[in-house]
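Comments concern the structure below.
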Amino acid sequence: MLPEDERNRLLRELTTSFFFSDFTEEELSLLLECAQPIDFDPGDFIFKEGDIGVHFYVILEGRVEIRKEKSGRLLATLGQGKVFGEMAVLENQLRSAAAISATSIRLIAIEGRRLMEDYPHLTVKLLRNLARELSDKLREANQVIDSF
């Protein structure tokens, strides 16, 4: 359980995130029951390619790089308000790439399965928003491919 002042601060930050713009304050409070804030220093691994995906993440501050570990190829750089790590959670698969902090970052780690099991009424909104995020990521990947 988060301390009250931390919880209130996170609620304010999440209400300004586009990803959660259609969530009520009550729904965000429930979401925080399955979440924890985490800080990373530049160069820290948030997760590695091949890790089991338990959490997905929302960036509150800073930037995260998504990279293929073997090749070192940069797949994406994500900033404030972006969500990542959702694919492994949704698919119940291993991580397909690594996430590395490009700067000092502050994230919210959300335990995906717990959220879906404990709060199924939030699942529809969450999945709709994740689908929108995945669509945006696919569109960006297509643009990268087209540039070759």
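Atoms considered below: every heavy atom in the structure, side chains included; atoms not considered: hydrogens, waters and symmetry mates.
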Inset, instruction - Applying ring-ring contact (aromatic ring centres under 6.0 Å, His included), name anything that partners Phe20, two or more places apart in sequence or on another chain. - result: Phe23

Legend entry - Salt-bridge contact Glu33-Arg7 (side-chain N to carboxylate O under 4.0 Å): yes

Legend entry - Glu27 backbone acceptor or donor facing Thr24 side chain under 3.5 Å: yes

Inset, instruction - Indicate yes or no: does Glu13 engage Arg106 in a salt bridge with an N to O separation below 4.0 Å. - result: yes

Legend entry - Shortest non-hydrogen contact from Gly112 toward Phe56: CA-CE2, 4.0 Å

Inset, instruction - Quick one: do Glu69 and Phe45 satisfy side-chain contact (heavy atoms from CB on, under 4.5 Å)? Show the steps, please. - result: CA-CA 11 Å; Glu69 278 187 84; Phe45 277 88; 3.8 Å; yes

Legend entry - Heavy atoms from other residues, nucleotides or ligands near CE of Met87 exceed 12 (cutoff 6.0 Å): no

Inset, instruction - Ignoring hydrogens and angles, tell me if any N or O in the side chain of Ser71 forms a donor-acceptor pair with the backbone of Arg73 under 3.5 Å. - result: yes

Legend entry - Single-linkage hydrophobic cluster, 4.5 Å side-chain cutoff, Leu126 and Val83 together: yes

Legend entry - ILVMFWY cluster, Ile46 and Ile110 together (side-chain gap under 4.5 Å): no

Legend entry - Taking every non-hydrogen atom, the tightest pair across Gly53 and Ala88: CA-CB, 3.9 Å

Legend entry - Euclidean distance, Glu4 CD relative to Arg9 CZ, rounded to 0.5 Å: 13.0 Å

Legend entry - Point-to-point distance, once rounded to the nearest 0.5 Å, from CD1 of Ile66 to OG of Ser96: 8.5 Å

Inset, instruction - Establish whether Leu78 and Ile100 are linked, either directly or via other cluster members, by ILVMFWY side-chain heavy-atom contacts under 4.5 Å. - result: no

Inset, instruction - For Ile105 and Asp44, run side-chain contact (heavy atoms from CB on, under 4.5 Å): C-alpha distance rounded to whole Å, both residues' side-chain angles, the deciding distance at 0.1 Å, then the answer. - result: CA-CA 10 Å; Ile105 58 171; Asp44 286 350; over 6 Å; no

Legend entry - Polar side-chain atom of Ser101 near backbone of Asp41 as donor-acceptor pair, under 3.5 Å: yes

Inset, instruction - State plainly whether one hydrophobic cluster holds both Ile59 and Leu10, where clusters connect Ile, Leu, Val, Met, Phe, Trp and Tyr through side-chain heavy atoms under 4.5 angstrom apart. - result: no

Legend entry - Presence of salt bridge, Asp51 and Lys48, under 4.0 angstrom: no

Inset, instruction - Find the distance between OG1 (Thr103) and CD (Glu61) and round it off to the nearest 0.5 Å. - result: 9.0 Å

Legend entry - Arg114 and Glu117 ion-paired at < 4.0 Å: no

Legend entry - Members sharing Leu94's hydrophobic cluster (side chains within less than 4.5 Å): Ile52, Val54

Legend entry - Point-to-point distance, once rounded to the nearest 0.5 Å, from CZ of Arg113 to CG of Asp118: 13.0 Å

Inset, instruction - List the atom of Arg139, the atom of Asp136, and the distance in Å for their closest heavy-atom pair. - result: NH1-OD1, 3.0 Å

Inset, instruction - Determine, step by step, whether Ser104 and Phe40 satisfy the side-chain contact (heavy atoms from CB on, under 4.5 Å) criterion, reporting the C-alpha distance in whole Å, the side-chain angles of both residues, the deciding distance to 0.1 Å, and the verdict. - result: CA-CA 6 Å; Ser104 294; Phe40 289 92; over 6 Å; no

Legend entry - Heavy-atom closest pair, residues His55 and Arg95: O-NH2, 2.6 Å

Legend entry - Smallest separation among heavy atoms of Asp22 and Lys125, with atom names: O-NZ, 2.6 Å

Legend entry - Atom pair OG1 (Thr123) and CZ (Arg128), whose distance is rounded to the nearest 0.5 Å: 12.0 Å

Inset, instruction - Take Ser29 and Leu11 through the test side-chain contact (heavy atoms from CB on, under 4.5 Å) and record every step on the way to the result. - result: CA-CA 7 Å; Ser29 289; Leu11 278 172; 3.7 Å; yes

Legend entry - From CD (Glu65) to OG1 (Thr77), nearest 0.5 Å: 5.0 Å

Inset, instruction - Can you see which heavy atom on Phe19 is nearest to which on Gly81, and at what distance? - result: CB-O, 4.3 Å

Legend entry - Same apolar cluster: Phe84 and Leu31, side chain cutoff 4.5 Å: no

